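All remarks here apply to the structure that follows.
What you see is a predicted model; the values in this text were computed from it and never measured. Each chain gets a letter, A, B and so on, in the order the sequences are listed, and its residues count up from 1.
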2 protein chains.
Amino acid sequence: MADTSESEHGDRVRQLEADARRSGMRITPHTTTIIQILDESTDHPTAEDIFERARERDPSISSASVYRILNKLEESDLVRRQRLDSDRFRYEIADECRHHLVDLDTGQVIGISDPEIDELKDKIAKRHGYEIVDFRLELFGRKPGGGN
Amino acid sequence: MADTSESEHGDRVRQLEADARRSGMRITPHTTTIIQILDESTDHPTAEDIFERARERDPSISSASVYRILNKLEESDLVRRQRLDSDRFRYEIADECRHHLVDLDTGQVIGISDPEIDELKDKIAKRHGYEIVDFRLELFGRKPGGGN
DNA sequence: TTAATTGCAAATGGTTTGCTTTTGC
DNA sequence: GCAAAAGCAAACCATTTGCAATTAA
């Protein structure tokens with residue numbers, strides 16, 4: 001929500017396409033559409049959200065393709081998927097922050113980044129003698145006086 | 001893994017039954033079986049795990065009942081369910097710690113508790129102006145030289 | 001060229017639900 | 001007695017997959 005000028009969007013899309021191509025994917029029009037949508041979205045969309053947004057630009061796309069493209073992007077570590085509150089996966093570009101605060105009233109997902117989270121992770125890892133591959137902190141709450 | 005003598009197990013089971021009854025559930029033999037299994041399990045079992053363990057004690061139980069009882073216990077806030085690595089829910093008694101370290105080689109789930117996690121949560125909540133209802137930290141990693 | 005991608009429809013698989021019978025309290 | 005719980009089988013529903021046709025590189 002800050003340094004996201006139009007040209008930077010284009011840059012990131014091109015970068016992701018290049019990365020995807022490098023990891024063996026073919027860059028089809030559908031692939032580009034999905035990447036653009038992910039690049040533009042700040043609301044951690046579900047596959048269905050992405051499917052709907054993609055159909056507006058290219059009505060011929062099928063949900064199977066959306067799932068397949070998202071899975072390929074995830075296997076290439078370009079996209080991260082995770083379940084937050086719901087039982088559906090949510091997708092976001094992998095370089096975005098991986099911790100979230102979910103607003104229980106609005107469903108809004110807020111990205112969290114804080115160096116202390118990593119410090120805490122390191123401390124816990126050391127205490128248990130583990131090498132951490134991935135981790136996430138998820139908070140669920142509401143603004144006082146926000147809803148209800 | 002420390003103060004879990006036999007009598008304390010019995011205590012906790014009776015306490016959970018009382019709590020469940022208080023919140024409107026009927027304590028059937030199946031209910032008791034499920035509560036006992038949860039009380040004895042330290043491995044964060046899935047519904048299927050629980051169903052299998054329950055069948056050993058009472059072959060007449062159905063998986064639908066297991067799900068229904070677990071859902072009731074969760075609605076009463078006596079049990080917490082969450083997805084960790086897999087796409088199945090895992091269940092644990094609500095007074096157990098809610099943060100986990102998942103061993104990617106063995107699948108073992110280790111409960112984590114650390115006052116700093118709560119301090120961090122409070123700090124983030126304050127920064128964003130939220131009242132946190134629930135939260136969890138999940139770590140995924142492996143012991144160096146452990147597997148693979 | 002040729003292996004990857006696509007759309008469609010069918011399959012998966014964990015979880016839920018409708019219905020009828022049984023049972024806790 | 002009566003609302004809650006049980007078993008069974010069917011329904012759900014997000015996600016995956018088989019297949020035949022299309023297409024990127």
>> Could you tell me how far apart B:Glu48 (CD) and C:dG13 (P) are, to the nearest whole angstrom?
In response: 11 Å
> Roughly how many Å is it from CD1 in B:Ile61 to P in D:dG7, rounded to a whole number?
Replying inline: 6 Å
> Checking side-chain contact (heavy atoms from CB on, under 4.5 Å) for the pair A:Leu101/B:Ile132: CA distance, chi angles, key distance, verdict?
Replying inline: CA-CA 9 Å; A:Leu101 167 54; B:Ile132 302 304; 3.8 Å; yes
>> My understanding is that only residues two or more places apart in sequence, or in another chain, count here; which of them pass ring pair (Phe, Tyr, Trp, His ring centres under 6.0 Å) with B:Phe135?
In response: B:His99
>> Distance check needed: D:dC12 P versus A:Arg88 CZ, whole Å only.
In response: 16 Å
>> Minimum heavy-atom separation for B:Ile34 and B:Ala54, please, with both atom names.
In response: CD1-CB, 4.3 Å
>> Is the phosphate of C:dT5 approached by A:Lys72 (side-chain N or O, under 4.0 Å from OP1 or OP2)?
In response: yes
> Is the distance from OP1 or OP2 of C:dG24 to the nearest side-chain N or O of B:His30 less than 4.0 Å?
Replying inline: no
>> Taking 4.0 Å as the cut-off, does a side-chain nitrogen or oxygen of A:Ser65 come that near to OP1 or OP2 on C:dT5?
In response: no
> Going by an N to O cut-off under 4.0 Å, is there a salt bridge joining B:Glu40 and B:Arg57?
Replying inline: yes
> How close or far is atom P of D:dA6 from atom CG of B:Asp58, stated in whole angstroms?
Replying inline: 10 Å
> Could you state the interatomic distance from CZ (A:Arg136) to SG (A:Cys97), rounded to the nearest 0.5 Å?
Replying inline: 12.5 Å
> To 10°, what angle do the rotation axes through the five end pairs on each side of the helix from C:dT1-D:dA25 to C:dC25-D:dG1 form?
Replying inline: 40°
>> Please find the pair of heavy atoms, one from B:Ile69 and one from B:Met25, that lie closest to each other, and give the distance.
In response: O-CE, 4.3 Å
> Over how many whole Å does the gap from A:Tyr91 atom OH to D:dA14 atom P extend?
Replying inline: 12 Å
> For every nucleotide of nucleotides 17-22 of chain C, 5' to 3': is a protein heavy atom under 4.0 Å from its base (B), only from its sugar-phosphate (S), or from neither (-)?
Replying inline: BB----
> How would you label the contact of B:Arg83 with the nucleic acid (heavy atoms, under 4.0 Å): base, sugar-phosphate, or nothing?
Replying inline: nothing
> Any ion pair linking B:Glu17 and B:Arg26 (charged N to carboxylate O, less than 4.0 Å)?
Replying inline: no
> Residues two or more places apart in sequence or in another chain: which of them pass ring pair (Phe, Tyr, Trp, His ring centres under 6.0 Å) with B:Tyr67?
Replying inline: none
> Within 45° of the ring axis of A:Phe89 and under 6.0 Å from its six-membered ring centre, is that where the NZ or CZ of A:Arg83 lies?
Replying inline: yes
>> Tell me whether the side-chain N/O atoms of A:Thr28 come closer than 4.0 Å to OP1 or OP2 in D:dA24.
In response: no
> Among residues 15-27 of chain A, which residues get a heavy atom nearer than 4.0 Å to DNA chain D?
Replying inline: A:Arg21, A:Arg26, A:Ile27
>> Nearest to the B:Ala47 side chain among C:dT15, C:dT6, C:dG24, which nucleotide is it?
In response: C:dT15
> A:Phe89 CZ to C:dG13 C1': how many Å, rounded?
Replying inline: 13 Å
>> Strictly by ring-ring contact (aromatic ring centres under 6.0 Å, His included), give each pair with a member in residues 26-53 of chain B just once, sequence neighbours left out.
In response: B:His44-B:His100
>> Just the rounded figure in Å: distance from P of C:dG13 to CZ of B:Phe51.
In response: 17 Å
> How would you label the contact of B:Ser60 with the nucleic acid (heavy atoms, under 4.0 Å): base, sugar-phosphate, or nothing?
Replying inline: sugar-phosphate
>> Rounding to an integer number of Å, can you tell me how far A:Leu70 CG sits from C:dT6 C1'?
In response: 15 Å
> Hey, does the side chain of B:Arg12 reach the backbone of B:Asp39 with a donor-acceptor pair shorter than 3.5 angstrom?
Replying inline: yes
> For D:dT16, does either OP1 or OP2 sit under 4.0 Å from a side-chain N or O belonging to A:Asn71?
Replying inline: yes
> So which heavy atom on A:Glu138 is nearest to which on A:Phe140, and how close?
Replying inline: OE1-CZ, 3.6 Å
> On DNA chain C, nearest-nucleotide positions of B:Arg81 versus A:Val66: which is more 5'?
Replying inline: A:Val66
